[in-house]
Amino acid sequence: MTETKDRREFLMKIGIGAGIAGLAAQAGASLRSLVPNVSYDAPTTVKLGAPLEFPDGLKFLPDQRLFVFRQGKTFHAVSAVCTHLGCTVRAEALSQPETKTVAGSPLRITHRFMCPCHGSRYAGDGGNVSGPAPKPLAWYQLTVSPEDGQLVVDLAQEVGRDFRLTLA
């Protein structure tokens with residue numbers, strides 16, 4: 001009789017262990033399903049085009065919501081996303097270009113920016129002038145792709161207002 005009792009206890013422990021292992025496996029699979037296999041975020045590094053495609057002055061790139069400025073062989077990129085609520089700001093040409101010292105470097109200012117949503121105003125270097133915008137427009141890192149020579153912007157890497165990319 002003790003042999004039957006020992007066998008019954010053994011089978012009961014095996015059954016409970018198998019049930020716990022099954023529940024643990026199901027819990028692991030459920031938690032893993034919360035992590036996507038693919039990222040649907042927009043890429044942060046984007047090729048913008050060949051430097052020669054950019055005219056002197058300002059070029060707006062609507063897909064990236066970005067202003068790229070060119071002065072000769074020198075480039076810089078300013079975000080077109082208002083720092084208040086994320087509307088796309090628009091550029092207004094100045095009647096007379098100005099030269100302003102920005103972060104210790106001279107900068108030719110040809111435009112100013114305005115947000116059509118809530119009236120925030122930005123200077124030509126992206127500095128907030130008035131309105132509800134809490135901070136200036138972001139400047140982004142520009143590089144040249146070694147493969148094809150295109151301008152590349154890194155939308156995840158903000159840079160200071162003294163940043164300029166000068167091509168040889």
Side-chain angles (χ1 to χ4, degrees), residues 29-168:
S30 295
L31 290 174
R32 175 60 183 100
S33 72
L34 298 175
V35 180
N37 292 330
V38 177
S39 173
Y40 294 103
D41 295 335
T44 61
T45 305
V46 180
K47 288 187 177 183
L48 303 176
L52 295 176
E53 293 176 8
F54 291 86
D56 257 4
L58 167 92
K59 181 174 182 179
F60 177 60
L61 304 171
D63 291 341
Q64 290 78 29
R65 295 173 66 188
L66 187 72
F67 294 108
V68 176
F69 290 87
R70 176 181 182 189
Q71 185 179 356
K73 293 185 177 193
T74 304
F75 295 83
H76 68 276
V78 178
S79 172
V81 179
C82 181
T83 59
H84 176 228
L85 291 177
C87 295
T88 302
V89 298
R90 65 175 188 247
E92 295 178 347
L94 297 175
S95 58
Q96 280 295 102
E98 306 169 355
T99 300
K100 183 177 178 181
T101 301
V102 177
S105 301
L107 179 66
R108 186 169 183 256
I109 305 287
T110 57
H111 292 77
R112 65 179 173 211
F113 306 104
M114 232 186 94
C115 179
C117 297
H118 299 104
S120 293
R121 292 182 172 276
Y122 299 90
D125 66 339
N128 51 334
V129 176
S130 66
K135 59 185 185 174
L137 296 173
W139 282 42
Y140 292 119
Q141 175 82 35
L142 281 176
T143 56
V144 176
S145 172
E147 295 94 35
D148 54 11
Q150 290 190 49
L151 283 179
V152 178
V153 64
D154 188 349
L155 298 171
Q157 185 175 355
E158 289 188 27
V159 293
R161 288 175 164 44
D162 58 342
F163 175 84
R164 308 286 186 284
L165 173 66
T166 303
L167 303 177

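- In this structure, the side-chain contact (heavy atoms from CB on, under 4.5 Å) partners of E147, at least two apart in sequence or on a different chain, are K47, S145.
- Contacts classified as salt bridge (Lys or Arg N to Asp or Glu O under 4.0 Å) and involving residues 69-83 (residues at least two apart or in different chains) are given here: D56-R70.
- For residues 123-168, the set of pairs meeting the disulfide bond (SG atoms under 2.5 Å apart) definition, not counting sequence neighbours, is empty.
- Of all non-hydrogen atoms in L151 and P51, the two that sit nearest each other are CG-CG, 4.2 Å.
- Of the options V78, V46, L48, a side chain to side chain contact (heavy atoms under 4.5 Å, CB included) to L66 is made by L48 and by none of the others.
- Side-chain contact check for V144 versus F75: every heavy-atom pair is 4.5 Å or farther apart.
- Closest of all the heavy-atom pairs between T83 and P136 is CG2-O, 3.2 Å.
- More than 12 non-hydrogen atoms from other residues, nucleotides or ligands lie less than 6.0 angstrom from CZ of R164.
- Put simply, CZ on F69 and CG on L142 are 11.5 Å apart, with the number rounded to the nearest 0.5 Å.
- Once rounded to the nearest 0.5 Å, the distance linking CD of Q96 with CD1 of I109 reads 14.0 Å.
- Nearest heavy atom pair, residue G126 against residue F113, reads N-CE1, 4.3 Å.
- When every heavy atom of P97 is checked against every heavy atom of T110, the shortest pair comes out as CB-CG2, 4.3 Å.
- Here D63 pairs with nothing under the side-chain contact (heavy atoms from CB on, under 4.5 Å) rule; sequence neighbours left out.
- Residues meeting the side chain to side chain donor-acceptor pair (under 3.5 Å) test with H111, sequence neighbours left out: none.
- Counting only residues at least two apart or in different chains, ring-ring contact (aromatic ring centres under 6.0 Å, His included) contacts with residues 120-147 comprise H76-W139.
- Applying the salt bridge (Lys or Arg N to Asp or Glu O under 4.0 Å) test to pairs two or more places apart or on separate chains, none has a residue in residues 114-123.
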Please tabulate, for the side chains in residues 86-93, all donor-acceptor contacts under 3.5 angstrom to protein atoms that are two or more places apart in sequence or on a different chain.
residue	atom	partner	partner atom	Å
T88	OG1	R65	NE	2.9
T88	OG1	R65	NH2	3.3
E92	OE1	R112	NE	3.1

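- For residues 127-144, there are no salt bridge (Lys or Arg N to Asp or Glu O under 4.0 Å) pairs, not counting sequence neighbours.
- In terms of heavy-atom proximity, A50 sits nearest to Q150 at N-CG, 4.0 Å.
- Under the disulfide bond (SG atoms under 2.5 Å apart) criterion, no residue pair touches residues 129-168, with sequence neighbours excluded.
- Applying the disulfide bond (SG atoms under 2.5 Å apart) test to every pair with at least one member in residues 134-168, sequence neighbours left out, gives no pairs at all.
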Could you give the side-chain donor-acceptor pairs of residues 152-163 under 3.5 Å, partners two or more places apart or in another chain?
residue	atom	partner	partner atom	Å
D154	OD1	A156	N	3.1
R161	NE	D125	O	3.4
R161	NH2	L137	O	2.7

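- Screening C115, C82, S120 for a side chain to side chain contact (heavy atoms under 4.5 Å, CB included) with P132, the sole residue that qualifies is S120.
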